[in-house]
Amino acid sequence: EDQVTQSPEALRLQEGESSSLNCSYTVSGLRGLFWYRQDPGKGPEFLFTLYSAGEEKEKERLKATLTKKESFLHITAPKPEDSATYLCAVRGGGNKLTFGTGTQLKVEL
Amino acid sequence: DTGVSQDPRHKITKRGQNVTFRCDPISEHNRLYWYRQTLGQGPEFLTYFQNEAQLEKSRLLSDRFSAERPKGSFSTLEIQRTEQGDSAMYLCATSGTSGYEQYFGPGTRLTVT
């Protein structure tokens, strides 16, 4: 069964203080690792898809990387508007996504 | 707005009542998924449609839950004889044929009293 573990559960940063979120996974035949952002009371918003080890994707202050066992979401010089829960998910042999429990990020002035 | 839409956004019901939720996909997307999310957890997969065919169902989907996607367009998720444990956010997601990315709607928040 596919499994995703995210750490830390919560992270508090000062504005401009860069950090990384971790996503460890076990899956039979990875067919995609996905990062989403979720604001309170809203549906997840798609950020990135990574398919193979060594792949990297960037968007504004966010960069996602992938190894054979884990993915990192690097946040460079975060701003308060980056505050949200960041979810990691994997797709294995079926059609469903298996999600982790997320990292709740708070960026303070 | 060309994104995934869900209706209603909020539903409060009494235990034992039936409820039905609707999802309207992005127009060119033929794949549709239902997930359930409780507080502090990630979304959990419930069921998957390709066009009008329901191809995959989770063990979480008890016989009180039924989903349909007539004509391969909008989908409905019905919960019969609701229980307090059904209280959650019900999320719909859709994807096209060119990629695996799933795009989520805003969700329906169900509260069973």
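Each chain gets a letter, A, B and so on, in the order its sequence line appears, and its residues count up from 1.
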*Is it the backbone or the side chain of Glu44(B) that comes under 4.5 Å from a heavy atom of chain A, or both, or neither?*
neither

*Should Lys106(A) and Glu108(A) count as an ion pair when the cut-off is N to O under 4.0 Å?*
no

*Do the side chain of Gln41(B) and the main chain of Thr38(B) share a donor and acceptor less than 3.5 angstrom apart?*
no

*Which bit of Leu97(A) comes within less than 4.5 Å of chain B, counting heavy atoms only: side chain, backbone, both or neither?*
both

*Report, as yes or no, whether the 6.0 Å neighbourhood of atom NZ on Lys57(A) holds more than 12 heavy atoms from other residues, nucleotides or ligands.*
yes

*Mind checking which of residues 13-25 of chain A sit less than 4.5 Å from chain B, heavy atom to heavy atom?*
none

*asked:* I'd like to verify something: which residue of Met89(B), Arg109(B), Gln37(B), Gln50(B) has the highest number of heavy-atom pairs under 4.5 Å with chain A?
replied: Gln37(B)

*Quick one: what part of Tyr51(A) sits under 4.5 Å from any heavy atom of chain B, side chain, backbone, both or neither?*
side chain

_Counting C-beta onward and ignoring hydrogens, is there a side-chain heavy-atom pair between Phe21(B) and Gln6(B) closer than 4.5 Å?_
no

*Is the shortest heavy-atom distance from the side chain of Leu55(B) to the side chain of Asn95(A) under 4.5 Å?*
no

_Out of the candidates Tyr86(A), Trp35(A), Phe34(A), Tyr36(A), only one should pair with Phe99(A) under the ring-ring contact (aromatic ring centres under 6.0 Å, His included) rule; please name it._
Tyr36(A)

*asked:* Is a donor from one side chain sitting under 3.5 angstrom from an acceptor on the other, for Glu9(A) and Thr101(A)?
replied: no

*Check whether Glu56(B) gets within reach of chain A through its side chain, its backbone, both or neither, counting any heavy atom under 4.5 Å.*
side chain

*Does the side chain to side chain contact (heavy atoms under 4.5 Å, CB included) test come out yes or no for Lys11(B) and Tyr90(B), once each step is laid out?*
CA-CA 11 Å; Lys11(B) 178 71 177 178; Tyr90(B) 289 84; over 6 Å; no

_Portion of Tyr48(B) that has a non-hydrogen atom of chain A nearer than 4.5 angstrom_ = side chain

*Proximal component of Lys96(A), with respect to chain B [non-hydrogen, under 4.5 Å]*: both

_Straight-line distance of Tyr33(B) OH to Thr47(B) OG1, nearest 0.5 Å_ = 11.0 Å

*What part of Glu45(A) is in contact with chain B, defined as an atom under 4.5 angstrom from a non-hydrogen atom: side chain, backbone, both or neither?*
neither

*chain B: which of Gly41(A), Pro44(A), Cys88(A) shares the most heavy-atom pairs with it under 4.5 Å?*
Pro44(A)

*Before giving the answer on side chain to side chain contact (heavy atoms under 4.5 Å, CB included), spell out for Phe65(B) and Asp86(B) the whole-Å C-alpha distance, their side-chain angles and the decisive distance to 0.1 Å.*
CA-CA 10 Å; Phe65(B) 287 68; Asp86(B) 296 331; 3.7 Å; yes

